[in-house]
Amino acid sequence: MISAEPLPLSIAGQWRLGAGDAYDSLYPATGEPIARLRAASLDDVDEAITRAHQAFRDSGWAQRLPHERAAVLYRVAQLIREQAEPLAQKQRLDNGKPISETRALVASAAGTFQFFAAALETLQDTLTPARGPYVTMSVHEPMGVVAAITPWNSPIASEAQKLAPALAAGNAVVLKPAEITPLMALELARICEQAGVPPGLVSVLAGKGAVIGDAITRHPLVKRVSFTGGTATGRHIARIAADKMMPVSLELGGKSPTMVLEDADLDHAVNGVLFGIFSSSGESCIAGSRLFVARPIYGEFLSRLSEGANALRVGDPASERTQMGPLISASHRQNVERYVALGVSEGARIRTGGARPRGPEFDRGYFYTPTILEGLDNRARTSQEEIFGPVLVALPFDDERDLIEQANDSVYALAAGVWSRDFKRAWRIGRAVQAGTVWINTYKQFSISTPFGGWRDSGLGREKGREGIFQYMEQKSLYWGTNEQPLPWAT
Ligand code: NDP
């Protein structure tokens, strides 16, 4: 247990208990409580947003020069790095990812603050070509209070990905982490405070999305929502946003195709496919969960893949050697199990996995073995719906046209992977597949400098990249008259 006492939230510039219900955050590897919290109440939501609005108006944060705000964000990056190990351990306890992965998430969060500090310092507005006796400029202004709503799968990284550009843009931020993984958002708020972000500018409101997230989205002082989570929730938020005429960005689900051509480097492809689906226990929006393999190599490839999946080290997230930890919760594991059963009822053969691992070290946690299903059609529900767990659906394909048609036959279009030594084919397929991100001869690589987002049901808008800051700003055109004479109006 991190603390027997309930943890305070960061509400309206104060550290205090939420006025909502008490609940525990559980360690997914053992089911034991690791922290006790009191959720925010609807009054807390209103108070935090009202105070954030005041802080935006009065603290001078938005008026600081870009390099001055950047200096604070650089300090945030530095403080995250100084506390990297305790943060990584806490993140492991909060969501059960292996320690090697939570260390990478913490490093990514520090890198995100550093990147947006640098982007802010070097961001340029535009002088547009004048078409009259005036100078024309396109500039950007902060929006006010913006909200960030995040899921449980990579908390510190996805929270930094929203908090850093929103603060860089000069806004106040209300952050709503997933109810079951609130600890990193609270750490980020504490670090922002230590780094010199003005009081009240950042609040963290833990609690149920359907209550707290909904109230935040509807609040009239919230001028933008940046959301990462499931497609159904994204649609709900978009409907509220439509009524408020409020911009939103939605990073949603996926069922990403990975395509292995007959000329692929099979060692690389086997490793890449395993990493693409089974790292993070498959609880990843970009998991390569639909595998298409050229028919002539299908048999050999599946044999090697199954061997690799069976050899993955599933177990204690605290061990440096562990590759796959538990799933996030008992109920999520049940969802994954239901999908495997559905797959079987749709005609799937379980090539490997398809069960809970056995042994005392697995008894209390929410573990599930890496699973490969074969024999399904691409139109089967199991091939089409996001499982968000360590379950791969493998299908053969016959030719390039057949491949592209099947790969694009999905409501999702978040990411895709191509494995081929033929650079012209890889290029053709990389351009023809519909997805926000395509990896060629690699998979699940992430760079904060490269825009990220989905097409279709996988989302709206892009995060990351220098332009990521503009998503949290309004654009304004300025005309500055240089006329020597009055406007030719009433002469
Ligand atoms: P959810 O959509 O259930 O939850 C995401 C966040 O939204 C949580 O903080 C949740 O709170 C909150 N929320 C729930 N209901 C509402 C509501 N009515 N109004 C406002 N906020 C609400 O997704 P999961 O947590 O189950 O996360 C998994 C999903 O996230 C997957 O579909 C995955 O693909 C997607 N995802 C997408 C990524 C991307 O970048 N494209 C990255 C990571 C995940 P609470 O915790 O209380 O439910």
Side-chain angles (χ1 to χ4, degrees), residues 18 20-21 23 25-26 37 39-40 42 45 94-95 97 105 108 147-162 174-185 204-219 222 225-241 244 246 248-256 280-289 327-329 331-333 335-336 339 385-389 410-415 435-437 444 446 448 451-464 468:
D21 294 339
Y23 72 98
S25 168
L26 308 179
L37 287 109
L42 292 178
V45 170
D94 206 22
N95 90 332
K97 283 193 169 189
L105 291 180
S108 140
I149 303 181
T150 53
W152 42 258
N153 60 334
S154 302
I156 193 167
S158 47
E159 281 145 15
Q161 222 165 282
K162 298 184 189 307
V174 175
L175 177 53
K176 174 12 216 141
E179 185 192 20
I180 53 179
T181 56
L183 300 190
M184 290 297 105
V204 173
L205 300 169
K208 284 197 190 319
V211 181
I212 301 300
D214 189 87
I216 292 171
T217 307
R218 291 180 195 278
H219 200 287
V222 169
V225 172
S226 175
F227 170 78
T228 299
T231 299
T233 317
R235 279 212 172 85
H236 174 78
I237 287 174
R239 285 193 193 102
I240 300 172
K244 283 175 69 180
M246 170 180 74
V248 283
S249 51
L250 305 171
E251 303 284 353
L252 308 176
K255 189 80 178 182
S256 299
S280 311
S281 303
E283 293 171 328
S284 164
C285 53
I286 48 173
S289 48
L327 299 180
I328 188 72
S329 64
S331 65
H332 184 56
R333 180 171 61 178
N335 283 344
V336 170
Y339 265 115
E385 295 177 17
E386 185 181 44
I387 300 176
F388 219 59
S410 166
V411 294
Y412 295 114
L414 188 60
T437 297
K444 218 176 169 187
F446 255 147
I448 188 65
F452 175 76
W455 302 8
R456 301 201 286 267
D457 283 15
S458 289
L460 283 178
R462 294 291 176 269
E463 287 194 320
K464 303 185 175 184

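Each ligand, and each atom within it, is numbered from 1 in the order the structure gives.
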Q. Counting N and O atoms only, with roles assigned by atom type, does the side chain of Glu159 sit under 3.5 Å from a partner on the main chain of Ala185, one being a donor and the other an acceptor?
A. yes
Q. Is Gly209 close to ligand 1, meaning an N/O of one under 3.5 Å from an N/O of the other?
A. yes
(Q) Could you identify the single nearest non-hydrogen protein atom to atom 46 (O) of ligand 1 and state the distance to 0.1 Å? (A) Glu179 N, 2.8 Å
Q: Please report the closest heavy-atom contact between Leu252 and Gly230, naming both atoms and the distance.
A: CD2-O, 3.6 Å
Q. Any non-hydrogen atom of Gly207 lying under 4.0 Å from ligand 1?
A. yes
Q: Could you tell me which atoms of ligand 1, counted from 1 in the order shown, lie closer than 4.0 angstrom to a heavy atom of Lys176?
A: 9 (O), 10 (C), 11 (O), 45 (P), 46 (O), 47 (O)
Q) Considering residues, nucleotides and ligands other than Lys244, do more than 12 of their heavy atoms fall under 6.0 Å from its NZ? A) yes
(Q) Within the 4.5 Å heavy-atom criterion, are Val204 and Pro177 side-chain neighbours or not? (A) yes
Q: Applying side-chain contact (heavy atoms from CB on, under 4.5 Å), run through Thr217 and Ile149 and close with a yes or a no.
A: CA-CA 9 Å; Thr217 307; Ile149 303 181; 3.7 Å; yes
Q | Which of the ligand 1 atoms, numbered from 1, are nearer than 4.0 Å to a heavy atom of Phe388 | A | 28 (C), 31 (C), 33 (C), 34 (O), 44 (C)
Q) Can you check whether Gly436's main-chain N or O pairs, donor with acceptor, with Arg462's side chain at less than 3.5 Å? A) no
Q) Nearest 0.5 Å, what's the OG-CD1 distance between Ser280 and Ile286? A) 8.0 Å
Q: Starting from atom 27 (O) of ligand 1, locate the nearest protein heavy atom and write down its residue, its atom name and how far away it is, to 0.1 Å.
A: Pro151 CB, 3.5 Å
Q. Should Thr231 be counted as touching ligand 1, given the test is an N or O pair under 3.5 Å?
A. no
Q. With atoms numbered from 1 as shown, which atoms in ligand 1 lie under 4.0 angstrom from a non-hydrogen atom of Pro177?
A. 9 (O)
Q: Return a yes/no value: protein heavy atom under 4.0 Å from atom 4 (O) of ligand 1?
A: no
Q: Could you tell me whether Gly230 and ligand 1 have an N or O pair separated by under 3.5 Å?
A: yes
**Q.** Side chain Lys162, main chain Glu463, donor-acceptor under 3.5 Å
**A.** no
Q. Relative to ligand 1, is His236 under 4.0 angstrom through side chain, backbone, both or neither, heavy atoms considered?
A. side chain
Q: In plain terms, say whether Asp457 and Arg235 are close enough for a salt bridge, that is, a side-chain N and a carboxylate O under 4.0 Å apart.
A: yes
Q) For atom 24 (P) of ligand 1, what is the nearest protein heavy atom, given as residue, atom name and distance? A) Trp152 NE1, 3.6 Å
Q. Side chain or backbone of Thr228 under 4.0 Å from ligand 1, or both, or neither, by non-hydrogen atoms?
A. both
Q. Looking at ligand 1, does any of its N/O atoms fall within less than 3.5 Å of an N/O of Gly229?
A. yes
Q. Among Val336, Asn335, Asn153, whose side-chain contact (heavy atoms from CB on, under 4.5 Å) with Phe388 holds?
A. Asn153
Q. Is Lys464 positioned over the aromatic face of Phe452, cation under 6.0 angstrom from the ring centre and no more than 45 degrees off axis?
A. yes
Q: For Asn153, take its heavy atoms, then give the atoms of ligand 1 lying under 4.0 Å from any of them.
A: 43 (C), 44 (C)
**Q.** For Asp214, the ligand 1 atoms whose distance to one of its heavy atoms is below 4.0 Å
**A.** 19 (N), 20 (C)
**Q.** Proximal atoms of ligand 1 relative to Phe452 (non-hydrogen, under 4.0 Å)
**A.** 40 (O)
Q | Per-atom contacts of ligand 1 with Lys208, taking only distances under 4.0 Å to non-hydrogen atoms | A | 47 (O)
**Q.** Atoms in ligand 1 flagged as close to Ala210, the criterion being non-hydrogen separation under 4.0 Å
**A.** 15 (N), 16 (C), 18 (N)
Q: Give the residue and atom name of whichever protein heavy atom lies nearest to atom 8 (C) of ligand 1, and the separation in Å to one decimal.
A: Thr150 O, 3.3 Å
Q. Is a side-chain donor or acceptor of Tyr23 paired with a backbone partner of Glu179 at a separation under 3.5 angstrom?
A. yes
Q.
Quick one, Ile216 with Leu205, criterion side-chain contact (heavy atoms from CB on, under 4.5 Å). Give me CA distance, side-chain angles, the key distance, then yes/no.
A. CA-CA 9 Å; Ile216 292 171; Leu205 300 169; 3.9 Å; yes
Q. Which bit of Glu386 gets closer than 4.0 Å to ligand 1, counting heavy atoms only: side chain, backbone, both or neither?
A. side chain
